[in-house]
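For reference, the structure is listed below as structure tokens.
Ligands are counted one by one from 1 in listed order, and the atoms in each one are counted from 1 as well.
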Amino acid sequence: MSIIIDGKATSAAKREEIAKEVAAFRAETGVQPGLAVVMVGDNPASAVYVRNKHVACEGVGMFTETMHLPEETTEDALLELIDELNGDARFHGILVQLPLPKHINETRVLDAISPDKDVDAFHPYNVGALVTGRERFLPCTPAGIMELLRYYDISVAGKNCVVIGRSNIVGKPMAMLLLAKDGTVTVCHSKTKDIKDITKKADILVAAVGRPRFVTADMVKEGAVVIDVGINRLEDGKLCGDVDFDAVSPLASAITPVPGGVGPMTITMLLCNTLTAARLAVSGR
Ligand code: GUN
């Protein structure tokens, strides 16, 4: 029987800890950690995420404002807003919800966020800090996965860790965090040959491909820990991960479901980063 890793419960436990830390920080410094969330356009999925971020911040005693800009907002106008937010002491963290409308250069926008307020950890400064082991902010989804492994006492050191997917948001930083915990890490991607031969050797398999049920039972070693980052919407409207859960779960020693696995942890780690940013601001570093 495999363990079903409960992201909801882990997230709730972690948020309780964060709420206590926020209360203690406010009592000690008089500063309320604050997060600005910027959304451009009307992507329905983004609207749900942004709303969840707002509720999550309030739930742990943080200050938050959501700035919802129209689809036709120009890149210059968005850059101007970011500049303002960089200088606004109420906000210790700034998050620009992705994707942005096509006429806006995402890289330019993300690079404009002050590295000290970059709670997504997307800025090249923070990416470099992560790679060299000097990180302040941890990329939210990979950090949420590490937290799940920690809560479930799953050690990484010496394990064969295989990450499927090489995105800047998940795959690459995931590989770095596993490496930092002494995992032996392989990253697979769309050009990888004989992917099954590689995934079959994984003690810890992380799927972040964005293709429904990409990971099938024949790709997984008996006893592996399987982490599913995928959130794919099927034609019937149901959510489905990158892993064929029904076929893979009997094989795995532990597995995350979709929904209710990795997803709930991402916003929780954003809260952690916002508290870190407030601490940085107060300490002047
Ligand atoms: N869109 C999907 N995932 C993310 C994320 O982690 N951060 C931001 N800013 N936008 C996203």
Starting from the N and O atoms of ligand 1, find every protein N or O within less than 3.5 Å and list the pair with its distance.
| unit_1 | atom_1 | unit_2 | atom_2 | d |
| --- | --- | --- | --- | --- |
| ligand 1 | 1 (N) | Gln97 | NE2 | 3.3 |
| ligand 1 | 1 (N) | Leu98 | O | 3.0 |
| ligand 1 | 7 (N) | Asp120 | OD1 | 3.1 |
| ligand 1 | 7 (N) | Asp120 | OD2 | 3.3 |
| ligand 1 | 9 (N) | Val96 | O | 2.8 |
| ligand 1 | 9 (N) | Asp120 | OD2 | 2.6 |
| ligand 1 | 10 (N) | Leu98 | N | 3.0 |

Check the surroundings of atom [atom1] in [X]: do more than 12 heavy atoms from other residues, nucleotides or ligands lie under 6.0 Å from it?
X: Arg51; atom1: CZ; result: no
X: Tyr152; atom1: OH; result: yes
X: Lys200; atom1: NZ; result: yes
X: Arg211; atom1: CZ; result: no
X: Tyr49; atom1: OH; result: no

- Task: Specify the closest pair of heavy atoms between Asn126 and Pro115, including all atoms of both residues, with the distance to one decimal.
- Result: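 Looking at all heavy atoms of both residues, the shortest contact is ND2-O, 3.0 Å.
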